[in-house]
Protein chains: 2
Amino acid sequence: MTPEASDDRWFRAGWRSGPELSLPDYHVIVNASPRHARKGAAPSIRDVAAEAGVSHQTVSRVLNESPRVRPATRAAVLAAIDRLGFRPNRAARTLGFGRASGVTVVTSNTTLYGYACTLQGIEEAARTDGVALGIRVVESAEVRQTVDYVSDPSAGGLIVIAFDPLGTAVLEALPGHIPAIVAAEPGAPDLGRVAIALDERRAAADATRHLLELGHRTVHHVAIPSEGRSGGRQAGWRDALTEARAEIPEVLGCGWDVASAYVAGRQLAARPDVTAILCGNDDIAQGVRRALYDAGKDVPGDVSIVGFDDIPGSAFWTPALTTVRMDFAGLGRACFHAAVAELTGRPQPEISLVPPRLIVRESTAPPRHR
Amino acid sequence: MTPEASDDRWFRAGWRSGPELSLPDYHVIVNASPRHARKGAAPSIRDVAAEAGVSHQTVSRVLNESPRVRPATRAAVLAAIDRLGFRPNRAARTLGFGRASGVTVVTSNTTLYGYACTLQGIEEAARTDGVALGIRVVESAEVRQTVDYVSDPSAGGLIVIAFDPLGTAVLEALPGHIPAIVAAEPGAPDLGRVAIALDERRAAADATRHLLELGHRTVHHVAIPSEGRSGGRQAGWRDALTEARAEIPEVLGCGWDVASAYVAGRQLAARPDVTAILCGNDDIAQGVRRALYDAGKDVPGDVSIVGFDDIPGSAFWTPALTTVRMDFAGLGRACFHAAVAELTGRPQPEISLVPPRLIVRESTAPPRHR
DNA sequence: CCGTTTCATGCAACCGATTGCCGCACCACT
DNA sequence: AGTGGTGCGGCAATCGGTTGCATGAAACGG
């Protein structure tokens, strides 16, 4: 605010505007503060306004693609933006608009394959659209803190990954006015939010049917944690067994870690009647496969196993794993676009996901003694 | 701003303050606007100020732990904050302070094990400290956009994961005034930033030495992309071979994908003189192992292999993988704390990382024909 | 040629914090 | 009792945008 800082650049635009600016003479702009040239600081819309000879509100309208701007004015503003290398300040935009235009992902995990791929799909789509991305991991004792955190306007739109009860718990505790999209399992209870899901039920049924068609009497199942909801993998497995009138064995649950899958695998390996195992995911398949190996059972000679997810490298196992490929990245992208629609109030876009696909490799074969 | 909205709650605090508030009578507070009770909206510091009978600036001082607040006042404000369930608005804070207090991670990848674990460590530390976390993935053609994106004040402090040239490129293009910490390989060029690294060089030397001590004449190396900088895995491998006066074979480079590792593995499998292979990471080890299998070579009978990273499940391979465990999560935590120090201007904390550790399992053994 | 509608754009308030400056009240000291 | 120092806390400006409203000019109809 030193006197020399408030030079006449501002008034030039209005008072001296000649025909070359194609602006009428009455444009005497007052609302511009003289701080336009704080050197070192990034240019603001007021600097752009000065450069273009308009008010900063008009610059705002151009930025927000308001139809109420003359094409010539718009062009002048865009040129000024370009000349100054102006970038809108996201924090200010958030404050003015009331909520950030970015997206925050709420998840209970970032490294497990399904979660990580969904996240990757979201990230890719967000980056393409120039949208900011935040992450918030929720742990079991921290649902309250998580909700507090994402309630802040700067969290923007939410994508809650509710593959597990923790995600669902967040969803339930989330105030209704906060824009959120759910990446869910099918069959999860409707909480009044847009929810998108992969058809894991069908996928599991396909995998189970594959084993039954090979001639196995039934298929055992080692489930991932928190399975059992009506639409999940376990349900599909049950569907296929029921459809084939096969016996439905008891489900073995285990944790996300390979070690617990190994334990489950040893139990199944001890039973001679077990000839086919549907594993809740590929990591579990890894533990089960090693358990079978340690018990002296050959895969697929003695026991066939099927995984779920098609993690990178599963094609290079010995034996290469038969598994179900899931389009988690596509799910993530769809969630992102839905979240943006939710946030901006636009209608929800059509979504199309690549359906799950069974990849038959080396770990499945007909049972030895038919 | 309707007349009935501007009730007298505000002035009560000043004019009618009795001894129960322990505030002197001269406290006539003027700067409070009457919008304090917009119902439905989250409470702001002005609401808290009204509740506590102070000005909103004083609330700000309490929030920022300024020493210039009397303990009694502080207590009153804290009580009001508690009563109202007030949460400071991050966007407003960012705008006022000039930069967000959160942290943004810049990385070229989010799913590869080293990157994902570092990210996980950062996330965990950020959540513990109640700090917001953003993610920005950089692709090769997008260095400029990435720098633009993170230059915005709302990105807060940066953690650039520079395990590869892309991360380094971002670092070079980043304006000097932007607070950033580098998660790097040792030996990377100093760019005037605080950089933290795991001792991969030593780790690779340990792994190579292990193979040499088993009796292998030399150790071949399949390198991860962008390896070769002075401090990396390849350098450590070279160190150990040099130290043992062993022949230094040509390095086989490959991509991040297991398939390219398989190709490299087939090349090595064709050569009878190859008895030990140091793989750039565990995924590469997986491809190489399958290639050896397909070529009819036994691991570790014919060829020993060592991986790098100790990914989950590598203990359950057949054979279980000998590998080097790296404390990526610890690296992430250290980077986070350094970033916060950088952002707040506090002195850099002491860091201590768990050194890499060789985990000997089943994939290494003495060569068959000594 | 005048009145009315439409359009573009400026005005001012607002979003919710931070921060330098200033003033008042109290205490201590002479 | 007068005076000076100190510390608490209010004042006002600021950060960089968004948005409801007002206004002037152009367009249009009769």
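Atom set for the values below is all heavy atoms of this structure, side chains included, hydrogens, waters and symmetry mates excluded. Protein chains get the first letters and strands the later ones, always in sequence-line order, with residue 1 at the start of each.
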Indicate whether the side chain of B:Arg61 and that of B:Ser66 have a donor and an acceptor atom separated by less than 3.5 Å.
no
Find out whether A:Ile161 and A:Val106 are in side-chain contact, i.e. whether some heavy atom of one side chain is under 4.5 Å from a heavy atom of the other.
no
Under 3.5 Å, is there an N or O donor on one side and an acceptor on the other linking the side chain of B:Arg90 and the base of C:dG16?
no
If you look at every strand shown and take non-hydrogen atoms under 4.0 Å, does A:Pro88 touch a base, only sugar-phosphate, or nothing?
sugar-phosphate
Distance below 4.0 Å between A:Arg70 side-chain N/O and C:dT9 OP1 or OP2:
yes
Heavy-atom check, side chain of A:Val138 versus side chain of A:Thr107, under 4.5 Å:
no
Looking across every strand, which nucleic acid part, if any, lies under 4.0 Å from B:Val59 by heavy atom: base, sugar-phosphate, or nothing?
nothing
Is the distance from OP1 or OP2 of D:dG10 to the nearest side-chain N or O of B:Thr58 less than 4.0 Å?
yes
Protein-nucleotide distance (B:Arg68, atom CZ; C:dA25, atom C1'), rounded to Å
15 Å
Using whole Å, what does the distance between atom C1' of nucleotide D:dC8 and atom CD of B:Gln57 come to?
13 Å
Going by number, which of residues 95-102 of chain A have a non-hydrogen atom under 4.0 Å from DNA chain C?
A:Leu95, A:Gly96
Check whether any side-chain heavy atom of A:Val143 lies under 4.5 Å from a side-chain heavy atom of A:Leu166, and answer yes or no.
yes
If you only use heavy atoms from C-beta on, which nucleotide in D:dT19, C:dG10, D:dC11 is closest to the side chain of A:Val54?
C:dG10
Within 45 degrees of the axis of the six-membered ring of B:Tyr149 and under 6.0 Å from its centre: does A:Arg90 put its NZ or CZ there?
yes
Five pairs per end, C1' atoms only: what is the angle between the end axes of the helix from C:dC1-D:dG30 to C:dT30-D:dA1, to 10 degrees?
50°
Rounded to the nearest 0.5 Å, what separation is found between the OG atom of A:Ser44 and the CG atom of A:Leu84?
9.5 Å
Does A:Thr73 place a side-chain N or O at less than 4.0 Å from the phosphate oxygens OP1/OP2 of C:dT9?
yes
Is a donor-acceptor contact shorter than 3.5 angstrom present between the side chain of B:His56 and the base of C:dT18?
yes
Are any non-hydrogen side-chain atoms of A:Thr110 and B:Leu119 less than 4.5 angstrom apart?
no
Taking the side chain as C-beta and beyond, is there a heavy-atom pair between A:Leu158 and A:Val103 under 4.5 Å?
no
Separation of B:Arg61 atom CZ from C:dA17 atom P, in whole Å?
15 Å
Can a donor-acceptor pair under 3.5 Å be found between the side-chain atoms of A:Arg46 and the base atoms of D:dG17?
yes
Nearest heavy-atom neighbours spanning A:Ile178 and A:Val150
CD1-O, 4.1 Å
How many angstroms lie between atom CD of A:Glu142 and atom CZ of B:Arg127, to the nearest 0.5 angstrom?
5.0 Å
Which of these nucleotides, D:dT18, D:dG17, C:dC11, is closest to any side-chain atom of A:Ser44?
D:dG17
Would you mind reading off the distance between B:Arg93 atom CZ and D:dT14 atom C1', rounded to a whole angstrom?
17 Å
Atom CZ of A:Arg74 to atom P of C:dC7: distance rounded to whole Å?
15 Å
Please check the phosphate of D:dC15 (OP1 and OP2 only) for any side-chain N or O of A:Asn89 closer than 4.0 Å.
no
May I ask you to evaluate whether B:Ser55 reaches the phosphate of D:dG9, defined as a side-chain N or O under 4.0 Å from OP1 or OP2?
no
When the distance from CG of A:Asn64 to P of D:dG16 is rounded to whole Å, what number comes out?
17 Å
Answer with base, sugar-phosphate or nothing: what part of the nucleic acid does A:Pro71 contact at a heavy-atom distance below 4.0 Å?
nothing
